[in-house]
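Side-chain atoms are counted along with the backbone in the values below, which use heavy atoms only and exclude waters and symmetry mates. Because the structure is predicted, anything quoted here is derived from the model rather than measured.
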Amino acid sequence: MKIGSSYFGNRIPRHAQKDMQYLVDKHFTYVVHTFSENDYHFYAKTMKEIVKISRDQGLETQIDPWGVGKVFGGEAFSEYIASHPEVCEILSDGKPAGIACPNNPEFRKFMRQWCETAVAAEPDYLFWDEPHFYISGWMGGRPGTWGCRCKFCKVRFEELYGHPLPMEETEEVKEFKHRSIVDFLQEMIDYGHELGVRNSLCILPGSTVKDEWFQELAAMENLDNFGTDPYWYALKKEVKQYVGDFSRKVNKVCREMNREGHIWIQGFKVPGGREEEIQTAVKEAVQSGIRNLAVWGFDACSHISSIAPDNPEKTWDIICNAFGEVKNLT
Ligand SMILES: [Zn+2]
């Protein structure tokens with residue numbers, strides 16, 4: 001059984017040392033370090049030190065392009081899209097959005113540089129975190145709009161479908177976006193592989209509209225580990241059904257594709273009085289065959305006030321106990 005936690009918000013190695021030791025004491029086996037654009041520009045060597053500290057404690061290490069280009073999930077801003085407005089997605093209202101387009105070759109070039117810097121920190125894995133096109137409901141979104149209608153998307157769509165990119169977000173457009181994400185990720189995953197690290201991918205549950213898309217993502221070449229993050233509190237879903245359904249889906253495709261499968265457990269923004277649902281989530285995931293669980297994030301995110309649970313200490317205790325109960329499963 002592998003048990004992981006994300007870790008962010010601290011770049012002081014002597015504090016990281018204590019926290020990594022603490023994770024090991026709590027039976028965690030791996031850590032996902034966020035590696036935002038801020039880290040890329042200002043903390044690259046510090047991150048290498050923090051990764052080494054983690055490894056020396058016996059933890060497997062993963063590095064996450066947190067919020068990079070805003071194409072990946074996370075509470076980190078992107079300097080790149082501000083200084084390179086030409087890489088941004090163009091929305092259906094004709095205006096740019098605060099997110100890079102995965103079909104933009106300049107952005108892909110920047111991402112390859114990110115890969116090189118991240119791999120120089122010597123992690124075991126690159127962790128591809130919730131890659132997505134523009135989502136109107138997120139920060140900075142404009143209701144009723146969709147993307148992308150940039151020049152690269154228009155050309156690529158016409159090549160693939162033989163007619164111009166429609167003004168409406170049709171089923172064909174949704175499929176095109178899925179295919180574009182696969183194409184973008186495959187380039188990044190191949191590059192990570194070439195640089196000598198393993199690749200793990202976590203997709204947003206909402207991006208799995210069709211089962212075959214789920215399979216195509218899991219089947220990408222050079223991908224070692226595949227999973228999703230069914231955050232039931234955030235999406236107002238019933239825990240047992242929601243986490244169970246996605247865990248079974250992940251387990252099934254990963255068995256078929258010979259990949260390790262993982263599931264993220266929501267440890268942030270947990271409403272007071274509902275903390276025990278975490279136990280149900282962990283139970284559902286392991287009963288579905290999942291043997292790699294991670295929590296977002298360290299200390300139940302008590303240090304990030306915008307997403308801290310109502311009762312962080314209680315939440316963290318329940319997470320650690322629930323993981324402790326399954327840690328010896330094989
Ligand atoms: Zn585009």
Side-chain angles (χ1 to χ4, degrees), residues 34-41 64-115 128-188 202-210 213 217 229 231 234-236 304 306-307:
T34 59
F35 199 98
S36 65
E37 290 183 31
N38 201 50
D39 294 313
Y40 169 84
H41 287 293
D64 175 344
W66 209 41
V68 174
K70 297 309 292 176
V71 168
F72 299 96
E75 288 82 10
F77 291 134
S78 170
E79 184 274 338
Y80 182 73
I81 54 173
S83 57
H84 297 77
E86 70 282 0
V87 305
C88 288
E89 286 193 34
I90 301 294
L91 302 191
S92 49
D93 61 6
K95 296 176 197 160
I99 178 171
C101 176
N103 281 327
N104 186 296
E106 273 303 306
F107 176 61
R108 290 189 182 204
K109 208 166 109 189
F110 173 66
M111 278 306 304
R112 290 170 80 89
Q113 288 165 2
W114 179 90
C115 286
W128 302 105
D129 188 355
E130 301 179 336
H132 59 271
F133 271 88
Y134 163 84
I135 299 170
S136 64
W138 282 21
M139 187 183 266
R142 302 195 285 277
T145 55
W146 64 273
C148 175
R149 297 186 51 77
C150 78
K151 61 182 179 184
F152 297 101
C153 285
K154 284 180 178 170
V155 168
R156 193 170 150 74
F157 183 91
E158 197 151 354
E159 274 169 12
L160 286 168
Y161 294 92
H163 59 88
L165 179 65
M167 290 303 295
E168 304 296 316
E169 192 182 27
T170 60
E171 287 307 309
E172 221 171 38
V173 170
K174 288 178 187 165
E175 188 198 68
F176 166 71
K177 285 161 71 169
H178 160 71
R179 290 172 77 174
S180 300
I181 288 285
V182 171
D183 186 71
F184 164 70
L185 282 175
Q186 189 65 73
E187 182 179 335
M188 297 307 131
C202 171
I203 56 162
L204 285 164
S207 60
T208 57
V209 182
K210 292 180 183 168
W213 293 2
L217 286 154
D229 48 4
Y231 294 151
L235 295 162
K236 298 183 172 42
I304 172 166
S306 60
I307 59 167

Using modelled atom types and a 3.5 Å cut-off, is there a donor and acceptor pairing between side-chain atoms of [X] and backbone atoms of [Y]?
X      : Y      : answer
Arg142 : Ser136 : no
Trp146 : Met167 : yes
Ser36  : Asn38  : yes
Asp64  : Trp66  : yes
Arg149 : Lys95  : no

Give the intermediate values and the outcome of side-chain contact (heavy atoms from CB on, under 4.5 Å) for residues His132 and Trp138. CA-CA 12 Å; His132 59 271; Trp138 282 21; 3.6 Å; yes
Contact summary for [X] and [Y], nearest pair of heavy atoms:
X      : Y      : result
Gly67  : Ser78  : O-CB, 4.0 Å
Pro65  : Phe72  : O-CB, 3.1 Å
Val173 : Leu165 : CG2-CD1, 4.0 Å
Lys177 : Gly147 : NZ-O, 2.8 Å
Pro131 : Cys202 : CD-O, 3.5 Å
Glu37  : Glu79  : OE1-N, 2.9 Å

Any chance CD of Gln113 has more than 12 other-residue heavy atoms, nucleotides or ligands included, within less than 6.0 Å? yes
Can you confirm whether Phe77 is buried at CZ, in the sense that more than 12 heavy atoms of other residues, nucleotides or ligands lie under 6.0 Å from that atom? no
Lys210 and Glu175 ion-paired at < 4.0 Å: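 Glu175 and Lys210: not salt-bridged.
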Salt bridge or not for Arg156 and Glu159, using N-O below 4.0 Å? no
Are Trp114 and Met188 close enough, and set up right, to give a side-chain contact (heavy atoms from CB on, under 4.5 Å), and what steps lead you there? CA-CA 10 Å; Trp114 179 90; Met188 297 307 131; over 6 Å; no
Donor + acceptor pair across side chains of Asn103, Ser180 (<3.5 Å): yes
Go through Lys70 and Met139 one step at a time and tell me if the side-chain contact (heavy atoms from CB on, under 4.5 Å) criterion holds. CA-CA 10 Å; Lys70 297 309 292 176; Met139 187 183 266; over 6 Å; no
Starting at CG of Leu217, measure out to CD1 of Ile181 and round the result to the nearest 0.5 Å. 8.5 Å
To the nearest 0.5 Å, what is the distance between CD on Glu169 and OG on Ser92?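 Output value for this atom pair is 8.0 Å.
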Ring center gap for Phe110 and Tyr40 short of 6.0 angstrom: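 Yes - the distance between ring centres of Phe110 and Tyr40 falls below the 6.0 Å cut-off.
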Report the C-alpha distance between Phe107 and Val71 in whole Å, list the side-chain angles of each, state the deciding distance to 0.1 Å, and finish with yes or no for side-chain contact (heavy atoms from CB on, under 4.5 Å). CA-CA 10 Å; Phe107 176 61; Val71 168; 3.7 Å; yes
